[in-house]
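Counting from 1, the numbers follow the sequence of the chain as shown.
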Amino acid sequence: MIREYKTIQEINGPLMVVRKVEGVTYDELGEIQLPNGDVRRCKVLEVNGDNAVVQLFEASAGINLKESRIRFLGHPLELAVSGDMLGRVFNGMGRPIDGGPEILPEERRDINGLAMNPAARDYPNEFIQTGISTIDGLNTLVRGQKLPIFSGSGLPHAALAAQIARQAKVLDGASNFAVVFAAIGITFEESNFFVEEFRRTGAIDRTVLFTNLANDPAVERISTPRMALTAAEYLAFEKGMHVLVILTDITNYAEALREVSAAKKEVPGRRGYPGYLYTDLATMYERAGRRLGCPGSITMIPILTMPEDDKTHPIPDLTGYITEGQIILSRELYRKGIIPPVDVLPSLSRLKDKGIGAGKTREDHAGTMNQLFAAYSTGKEMKELMSILGESALSPTDLLYAKFADEFEKRYVAQGNEENRSIEETLNLGWELLSILPRSELKRIKPELIDKYLPKKAE
């Protein structure tokens, strides 16, 4: 039986204290009935004896302490899930906002799902093609992996996220592939960009889109990524689909967490973020992966803007501990007009070796990847030396390396937001660039592969 209470004691910003409650549990959903008939939703943040602290999902303006009633619903925030979610746009609370009908749920799921049991995990080892050379060729994304993108304020991570969502696919051709896209704390303009972009390209048909705007309440921002992951778990483990989850921007999520923590008067940790930020992020990231005996999978790309481009800031720092690598965007490359401005050298995919090679991509993938990394690194060093000592101080081979670095950035890294390269095109482009260097410099590739793939004109 649902009991109603008229014992609201105080309201402090988004928080409200209710006295003399019975049987109320942490994270339980509640409804506040205003004297004029309006209903506002809230959830329980803390229970201390017979006092409950609840947080409002909407504004607290207009709530009369004496006349308003609150009832607790006996369950946490839930999402109605169904295969019909594909092609739909929802807000951060899981309600449709695309003008379409309500979802007829096959079931309702608690959005606070559990992290995947390590003993039930299957090892990620299947290649996902994003169509972006710097990821496919050098920092390969593997099915079931968590690979974040570290960006900076003003860099084009939104366009990159939309491009990955449009282009990503598994190569076997037979698998069901879906994208769950959660936009957290973004502007209306950005939200509109994502929706229109997916509709323009037809990618909306295989996408579930959750958008939480910057003027929505902080508590909704905290629930948005969990809504997205709940939808992804249903599609992956009930419908057997390969699901790519893209969360942008995790920094907005962490800021909302800090805001709620400050309102609860918790002791702050590093840079004012709550001490449990690591644990909280892990409860989200660790819901991705592959399960033994289950055909579906969840691959995750969280995108976060590093405050002041600082990789040691708590959000990117803790994200790096939990996930398997990072793709870093470079302000320097962006200033040169290179799109997407992926900084290859500090980027890393810890599982890249598991998803490449014969039968997955191509036999020459590992060798060319290592050779391109080494040649680009050497080329950057030569360009620095050239700026200090002058061109005349470099040997002919050193000059070729400097030329390679320029061509690599112009042709391999820069591909714009519309070009979708197959893995074969990416690998062949790598060989074209390596043909700039003398054959004797290709020390990281087996000779038989050089004979087979190096363009003959270069010899």
Side-chain angles (χ1 to χ4, degrees), residues 127-141 147-152 154-168 301 303 305-306 309 311 325-349 352 355-356 361-362 364-384 386-387 399-437 441-442 444-445 453 455:
F127 172 69
I128 289 181
Q129 179 175 294
T130 64
I132 297 164
S133 292
T134 44
I135 297 176
D136 293 348
L138 302 174
N139 295 291
T140 313
L141 179 65
L147 186 62
I149 295 174
F150 290 1
S151 180
L155 295 181
H157 48 270
L160 179 60
Q163 186 176 5
I164 293 171
R166 279 198 321 265
Q167 298 177 176
I301 299 182
I303 297 172
T305 48
M306 300 178 288
D309 293 3
K311 288 196 282 281
Q326 70 277 333
I327 305 292
I328 295 180
L329 301 190
S330 158
R331 204 170 288 282
E332 182 190 343
L333 290 176
Y334 183 54
R335 287 195 189 107
K336 290 182 187 176
I338 290 169
I339 302 289
V342 176
D343 198 349
V344 168
L345 297 178
S347 296
L348 167 70
S349 169
K352 63 187 175 190
I356 62 175
T361 51
R362 210 166 73 181
D364 59 317
H365 192 154
T368 53
M369 175 176 69
N370 294 332
Q371 191 65 65
L372 286 167
F373 264 121
Y376 181 50
S377 177
T378 305
K380 294 264 282 185
E381 287 172 18
M382 293 308 130
K383 284 180 70 180
E384 283 177 25
M386 197 191 297
S387 67
L399 290 171
L400 285 175
Y401 270 112
K403 180 188 175 188
F404 172 88
D406 285 332
E407 289 296 309
F408 179 81
E409 287 177 2
K410 279 184 209 158
R411 295 176 58 196
Y412 195 95
V413 181
Q415 66 177 81
N417 291 129
E418 295 298 326
E419 188 177 352
N420 184 359
R421 292 179 186 162
S422 69
I423 187 62
E424 284 78 18
E425 289 171 329
T426 290
L427 292 170
N428 293 340
L429 177 57
W431 280 107
E432 278 180 47
L433 291 167
L434 290 173
S435 69
I436 294 171
L437 303 172
E441 292 295 312
L442 307 183
R444 294 167 185 264
I445 309 175
Y453 291 105

J.: For D364, give me all partners under salt bridge (Lys or Arg N to Asp or Glu O under 4.0 Å), at least two apart in sequence or on another chain.
T.: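 D364 satisfies salt bridge (Lys or Arg N to Asp or Glu O under 4.0 Å) with R362 once adjacent residues are dropped.
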J.: Verify, without hydrogens or angle tests, whether Q163 (side chain) and G131 (backbone) share a donor-acceptor contact under 3.5 angstrom.
T.: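 Such a contact is absent between Q163 side chain and G131 backbone.
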J.: The criterion is side-chain hydrogen bond (donor to acceptor under 3.5 Å, both in side chains); which residues satisfy it with R411, sequence neighbours excluded?
T.: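 Result, side-chain hydrogen bond (donor to acceptor under 3.5 Å, both in side chains) vs R411: E432.
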J.: Using side-chain heavy atoms (C-beta onward) and a distance below 4.5 Å, is E441 in contact with L400?
T.: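 No, every pair of side-chain atoms sits at 4.5 Å or beyond.
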J.: Go through the structure and list residues passing ring pair (Phe, Tyr, Trp, His ring centres under 6.0 Å) with F404, not counting sequence neighbours.
T.: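 In terms of ring pair (Phe, Tyr, Trp, His ring centres under 6.0 Å), with neighbours along the sequence ignored, F404 is linked to F408.
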J.: K403: what forms a salt bridge (Lys or Arg N to Asp or Glu O under 4.0 Å) with it, not counting sequence neighbours?
T.: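 Partners of K403 by the salt bridge (Lys or Arg N to Asp or Glu O under 4.0 Å) criterion come out as none, since no residue qualifies.
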J.: Could you tell me which residues satisfy side chain to side chain contact (heavy atoms under 4.5 Å, CB included) with I445, sequence neighbours excluded, listed by chain and number?
T.: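 Expected list: T368, Q371, W431, L434, L449, I450.
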J.: Where do L138 and K352 come nearest, in terms of heavy atoms and distance?
T.: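 Scanning both residues, the minimum pair turns out to be O-CD, 3.5 Å.
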J.: Once salt bridge (Lys or Arg N to Asp or Glu O under 4.0 Å) is applied, do any residues pair with E384, and if so which ones, sequence neighbours excluded?
T.: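 Expected list: none.
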J.: Among T361, T426, T130, which one satisfies side-chain hydrogen bond (donor to acceptor under 3.5 Å, both in side chains) with D136?
T.: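 One option only clears the test, and that one is T130.
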J.: Please identify each residue that fulfils salt bridge (Lys or Arg N to Asp or Glu O under 4.0 Å) with R331, with sequence neighbours left out.
T.: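 With neighbours one apart ignored, the set is D309.
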J.: Under 3.5 Å, which donor-acceptor pairs link side chains of residues 374-381 to any protein atom two or more places apart or in another chain?
T.:
{"from": "Y376", "atom 1": "OH", "to": "E409", "atom 2": "OE2", "distance (Å)": "2.6"}
{"from": "T378", "atom 1": "OG1", "to": "A374", "atom 2": "O", "distance (Å)": "2.9"}

J.: For R421, which of E424, E418, E419 qualifies under salt bridge (charged side-chain N to carboxylate O under 4.0 Å, His left out)?
T.: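 Running salt bridge (charged side-chain N to carboxylate O under 4.0 Å, His left out) over E424, E418, E419 with R421 returns exactly one hit, E419.
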J.: What pairs with A402 under side chain to side chain contact (heavy atoms under 4.5 Å, CB included), at least two apart in sequence or on another chain?
T.: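 Listed in chain order: M382, K383, M386.
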J.: Applying side-chain hydrogen bond (donor to acceptor under 3.5 Å, both in side chains), name anything that partners E407, two or more places apart in sequence or on another chain.
T.: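 Testing E407 for side-chain hydrogen bond (donor to acceptor under 3.5 Å, both in side chains), a comparison that skips the adjacent residues, returns none.
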J.: What residues, two or more places apart in sequence or in another chain, satisfy side-chain hydrogen bond (donor to acceptor under 3.5 Å, both in side chains) together with N420?
T.: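 Per chain and number, N420 pairs via side-chain hydrogen bond (donor to acceptor under 3.5 Å, both in side chains) with no residue.
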J.: So, using side-chain hydrogen bond (donor to acceptor under 3.5 Å, both in side chains) as the criterion, who are the partners of N370 when residues are at least two apart?
T.: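 Listed in chain order: nothing, the list is empty.
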